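None of these values were measured; they are calculated from a predicted model.
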Amino acid sequence: MIKYYSTNDRSLKVSFKEAILSGLAKDKGLFMPEEFKKLNPEVYSQKNFSDMCYKVAQIMFDGEIPAQDLKMITDRVFIFDAPLRKLHDNIFVLELFHGPSAAFKDFAARFMAEVMGYYVRKEKKKLTILVATSGDTGSAVAKGFFLVPDIDVIILYPKGKVSILQEKQLTTLDENIISLEVKGTFDDCQRMVKEAFVDNELCSKVNLSSANSINIARLLPQSFYYIWAYIQAKSPEVIFCTPSGNFGNLTAGLIAKKMGLAVKKFIAATNVNDVVPEYLNTGIFNSRASVQTYSNAMDVGNPSNFARMIDIYKDVESMKKDIIGFKATDKETIETIKEVYGKYDYILDPHSAVGYKAVKDFLSSNKTDDTPIILHGTAHPAKFPEIIKKAIGIEIDLPEVLAQAMHKKKHSIEIKANFKSLKEYLLNRS
Ligand SMILES: *Cc1c(COP(=O)(O)O)cnc(C)c1O
């Protein structure tokens, strides 16, 4: 069985189960697998996504979850596809938005919910999941955990900083899903959640876990669709472009590469919150307060998975061999949506548009590279109707799964942007 160590201390090792249920290591480090088992030919010969996911999961979680149970989990989780669409020339979009919240986080959130539910059932415990969201994480997590027995989910989101649709998705499920409207920024929400996990009093009274991308169970299943994209591309080597905020998605790609996937390069695309591209260019990691943009799920000033990226590469020189970073402004995001719609009749959401801009930047300095470039389409454009309207003047229809939430009543609890308020709330409800 593969053990998981803390990025702060390699000698602090736990089982997969402990890593996923605790979320963060005791010394505040992030968990990483101590070994990356290699993908085998059987994985590459799979014809459907869910079967492939099962084969990869078997390699990743060998001995951890019995094969029969693992098959049940992957069959329940991966019920929607991640199709690869050719945009033009050698540029493809991997559409990751065909799940219930119409964003890529559905894959990992569903997987984590199923696996946590599996362990909680076995142990007959109750669990409270804390999750900070800048918009999309919360809705994917809420849908993933909705009605999972013995698990409550508490979502922290920044008041007034998510779209109306995102807010509806966060606040209308009810049952075991509770939304806290924090009078602050996403970084405040994330900090409050992090503090909760290291508060001894709170942890002794409430059985807490995390569903943010700091949880290794959110990270690992994201590598599945990198592999699926590679299979669909039918090329010996590929390049990925990943629109990034907390860099969980991109780190999952790095893990797929560690498992042997033939990835020539990763393009890290950010909006003006460009801490990582800046690091790749200057060698200096300068975390700072986030700035609000049109691609708001990527408005992150201190990307939590950077600790894992450093753990993998150690220094900027070796990281640069695999990853190249670019940023896009809001203006460029709008122009890109317009350009791609005009030229290729395809509507990119603002996050994926940041990615497409990075692909163009990459190609302008690597003109001779004809390796297929796979851009992650991280969200359905209909999730951002105002921005799409602004860019191309089109009123885009909501997918049915999202339209339903718009008619439901919002339920949320307002709290101040400090840990004390969160702690009080958590202690008083239990
Ligand atoms: C969360 C999110 C991102 C950023 O993903 P990270 O794993 O945080 O880097 C990009 N696009 C969309 C639509 C998202 O919801």
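Using a 4.5 Å heavy-atom cutoff, the side chains of K357 and E335 are not in contact. Between Y157 and T171 there is a side-chain heavy-atom pair separated by less than 4.5 Å. Contact of the F145 side chain with the M116 side chain is registered, since non-hydrogen atoms from C-beta on lie closer than 4.5 Å. Looking only at side-chain heavy atoms (C-beta outward), F92 and V238 stay at 4.5 Å or farther from each other. Side chains of V141 and K105 form no contact here, defined as non-hydrogen atoms less than 4.5 Å apart. With contacts defined as side-chain heavy-atom distances shorter than 4.5 Å, the pair V276/M309 qualifies. Residues F16 and V115 form a side-chain contact, since some pair of their non-hydrogen atoms from C-beta on lies under 4.5 Å apart. In this structure, I312 and K258 have side chains that are in contact, with non-hydrogen atoms separated by less than 4.5 Å.
Side-chain atoms of N305 and T251 include no donor-acceptor pair closer than 3.5 Å. Inspection of the Y118 and E114 side chains reveals no N or O donor paired with an N or O acceptor under 3.5 Å. Counting only N and O atoms by type, the side chains of N302 and Q190 include no donor and acceptor under 3.5 Å apart. If you check the side chains of S244 and T242, you find no donor sitting under 3.5 Å from an acceptor. One side chain, D315 or S318, offers a donor N or O that lies under 3.5 Å from an acceptor on the other. With hydrogens and angles left out, the side-chain atoms of R218 and N215 include no donor and acceptor closer than 3.5 Å. Side-chain polar atoms of N48 and D51 form a donor-acceptor pair below 3.5 angstrom. A donor atom on one side chain and an acceptor atom on the other are not found under 3.5 Å apart for D311 and T7. Side-chain contact, N271 with D330: no donor N or O sits under 3.5 Å from an acceptor N or O. When only modelled atom types and interatomic distance are considered, D188 and T185 share a side-chain donor-acceptor pair under 3.5 Å.
A donor-acceptor pair under 3.5 Å links the side-chain atoms of S352 to the main chain of T378, judged by distance alone. Judged by distance alone, the side chain of Y279 and the main-chain N or O of V316 form a donor-acceptor pair under 3.5 Å. Judged by distance alone, the side chain of D274 and the main-chain N or O of K327 form no donor-acceptor pair under 3.5 Å. Side-chain atoms of R10 never come within 3.5 Å of backbone atoms of E34 as a donor-acceptor pair (strictly under, hydrogens ignored). Without hydrogens or angle criteria, R308 side chain to F31 main chain gives a donor-acceptor distance under 3.5 Å. Put simply, the side chain of D152 never gets that close to the backbone of T128: no donor and acceptor are under 3.5 Å apart. Under a 3.5 Å cut-off, the side chain of S223 and the backbone N or O of A256 do not form any donor-acceptor pair. Although no hydrogens or angles enter the test, the distance criterion places a donor-acceptor pair under 3.5 Å between the side chain of N366 and the main chain of F362. In this structure a side-chain-to-backbone donor-acceptor pair under 3.5 Å is present from K86 to D89.
For Q68, the CD atom counts as loosely surrounded, since its 6.0 Å shell holds 12 or fewer non-hydrogen atoms of other residues, nucleotides or ligands. Residue-environment remark: NZ (K338) stays at or below the threshold of 12 foreign heavy atoms within 6.0 Å. Taking a 6.0 Å sphere around NZ of K314, one finds it holds more than 12 heavy atoms contributed by other residues, nucleotides or ligands. Atom NZ of K38 is surrounded by more than 12 heavy atoms from other residues, nucleotides or ligands within 6.0 Å.
Proximity of the aromatic rings of F61 and F111 is defined here by a centroid distance below 6.0 angstrom, and this criterion is met. A ring-centre distance under 6.0 Å is not found for H88 and Y346. Less than 6.0 angstrom separates the ring centroid of F49 from the ring centroid of F107. Proximity of the aromatic rings of Y230 and Y44 is defined here by a centroid distance below 6.0 angstrom, and this criterion is met. Aromatic rings of H98 and F80 (six-membered ring for Trp) have centroids beyond the 6.0 Å cut-off, not under it.
Atom OG1 in T371 sits 5.5 Å away from atom CD in E237 (nearest 0.5 Å). Interatomic distance, D150 CG to L127 CG, rounded to the nearest 0.5 Å: 9.5 Å. Rounding to the nearest 0.5 Å gives a distance of 7.5 Å between CG of L170 and CD of E167. For the atom pair S235 OG and N90 CG, the distance stands at 9.5 Å (nearest 0.5 Å). The distance from the CD1 atom of I387 to the OG atom of S295 is 8.0 Å, given to the nearest 0.5 Å. The SG atom of C203 sits 10.0 Å away from atom CG of L426, with the distance rounded to the nearest 0.5 Å.
Taking each heavy atom of S50 and F78 in turn, the nearest pair found is CB-O, 3.3 Å. Among all heavy-atom pairs drawn from K257 and D322, the shortest one is NZ-OD1, 3.4 Å. The two atoms that bring A109 and A140 nearest to each other are CB-O, 3.5 Å, heavy atoms only. Nearest heavy-atom pair, A82 versus Q232, reported as atom, atom and distance to 0.1 Å: O-NE2, 2.9 Å. Here the closest heavy-atom approach between residue S304 and residue L30 is recorded as O-CD1, 3.2 Å. In terms of heavy-atom proximity, C189 sits nearest to P158 at SG-N, 3.7 Å.
Relative orientation of the H351 and F384 rings is tilted, given thresholds of 30° and 60° on the angle between their planes. Between F266 and F240, the ring planes lie parallel to each other; the angle is under 30°, not in the 30° to 60° tilted range.
Ion pairing of D369 with K264 is present here, as a side-chain N (NZ or NE/NH1/NH2) and a carboxylate O approach within less than 4.0 Å. Under a 4.0 Å N-O distance rule, the pair E278/R288 qualifies as a salt bridge. One finds no salt bridge joining K383 and D349 here, because no Lys/Arg side-chain nitrogen approaches an Asp/Glu carboxylate oxygen to under 4.0 Å. Look at E317 and K321 and you find no salt bridge, because none of the NZ, NE, NH1 or NH2 atoms lies under 4.0 Å from a carboxylate O. Using a 4.0 Å cut-off between a side-chain N of Lys or Arg and a carboxylate O of Asp or Glu, R191 and D187 do not qualify as a salt bridge.
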Let's go through M298 and T293 carefully: what are the C-alpha distance in whole Å and the side-chain angles of both, what is the deciding distance for side chain to side chain contact (heavy atoms under 4.5 Å, CB included) to 0.1 Å, and is it a yes or a no?
CA-CA 8 Å; M298 301 176 2; T293 73; 5.9 Å; no
Do F419 and L202 pass the side chain to side chain contact (heavy atoms under 4.5 Å, CB included) test, and can you show the C-alpha distance, the side-chain angles, and the key distance before you say yes or no?
CA-CA 11 Å; F419 171 62; L202 188 58; 4.1 Å; yes
What verdict does the side chain to side chain contact (heavy atoms under 4.5 Å, CB included) test give for L280 and M319, after you've listed the backbone C-alpha separation in whole Å, the side-chain angles of each residue and the deciding distance to 0.1 Å?
CA-CA 8 Å; L280 291 165; M319 197 186 289; 3.8 Å; yes
Before you tell me yes or no, could you show the steps for N273 and S290 under side-chain hydrogen bond (donor to acceptor under 3.5 Å, both in side chains), namely the whole-Å CA-CA distance, both residues' side-chain angles and the distance that decides it to 0.1 Å?
CA-CA 6 Å; N273 296 286; S290 61; 5.0 Å; no
Should I337 and I388 be marked as a side chain to side chain contact (heavy atoms under 4.5 Å, CB included) after you check the CA-CA gap, both sets of side-chain angles, and the distance that decides it?
CA-CA 8 Å; I337 295 172; I388 300 302; 4.3 Å; yes
